[in-house]
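See below for the structure under consideration.
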Amino acid sequence: MSLEELTGPVSGRITLPGHLDWGPRRTYDLDEPSDVRLLYMRVIRESPTVDDVRRLLNVRLLRQVWAALVLPPRVRRMWESRFPDLHRAA
C-alpha cells in the first residue's frame, strides 16, 4: 500500500462500521479538525484490513493531522517506517 492509495473522503460526515467503532458515537464530521483526528486515530489503531484504511483515510488529511494524532509508539513507528514522509510531516 502507498499513501496515494488513501482516497477516503475529505469533507462531510462519515459513519464508521461497527468493527472499527463500537461506541455510541460512530459518526464523525470531517469538517471538524477534532473529529478528523479522532476518526484517523480510530481507523489507524483498529482497522483489521488495508481496504478499510484505503477507503476511510485520505492522504492529504493524514499528512495534515499526523503530528497531532495520539497513537501507541509502536504503531507510529510502524507507519513512519513504512511511510517516511509522515515522519517528516511530524
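Along the sequence shown, residues are numbered consecutively beginning with 1.
Trp66 carries Arg76 over the face of its six-membered ring, with the cationic atom under 6.0 Å from the centre and within 45° of the normal. Cation-pi geometry between Arg42 and Trp22 is satisfied (NZ or CZ under 6.0 Å from the ring centre, within 45° of the ring normal).
Considering only heavy atoms from C-beta on, Glu80 stays 4.5 Å or farther from Arg77 through its side chain.
Residue Arg37 comes nearest to Leu69 through the heavy atom pair O-CD2, 3.6 Å, listed as atom of the first residue, atom of the second, then distance. The minimum heavy-atom distance linking Pro48 with Asp52 is given by the pair CD-OD2, 3.5 Å.
Although no hydrogens or angles enter the test, the distance criterion places a donor-acceptor pair under 3.5 Å between the side chain of Arg26 and the main chain of Leu16. Checked by atom type and distance alone, the side chain of Arg82 pairs as donor or acceptor with a backbone atom of Met1 at under 3.5 Å. Remark: the backbone N or O of Val43 is not paired with any side-chain donor or acceptor of Glu46 at under 3.5 angstrom.
Under a hydrophobic clustering in which Ile, Leu, Val, Met, Phe, Trp and Tyr are joined whenever their side-chain heavy atoms come within less than 4.5 Å, directly or via other members, Met78 and Val53 fall into different clusters. A chain of hydrophobic side-chain contacts below 4.5 Å, direct or via other Ile, Leu, Val, Met, Phe, Trp or Tyr residues, connects Val50 to Trp79.
Put simply, OG1 on Thr15 and CG on Leu20 are 12.0 Å apart, with the number rounded to the nearest 0.5 Å. Rounding to the nearest 0.5 Å gives a distance of 8.5 Å between CZ of Phe83 and CG of Leu62. Taking CG from Leu57 and OG1 from Thr7, the interatomic distance works out to 10.0 Å, rounded to the nearest 0.5 Å. The distance from the OG atom of Ser11 to the CG atom of Asn58 is 10.0 Å, given to the nearest 0.5 Å.
Environment of CZ in Arg25: crowded, with over 12 heavy atoms of neighbouring residues, nucleotides or ligands closer than 6.0 Å.
Among the candidates Asp35, Leu30, Val36, the single residue satisfying the side-chain contact (heavy atoms from CB on, under 4.5 Å) test with Glu32 is Asp35. Paired with Leu56 under the rule side-chain contact (heavy atoms from CB on, under 4.5 Å), one option of Asp51, Ile14, Ile44 passes, and it is Ile14.
Between Arg63 and Glu4 there is a salt bridge, with a side-chain nitrogen of the basic residue lying less than 4.0 Å from a carboxylate oxygen of the acidic one.
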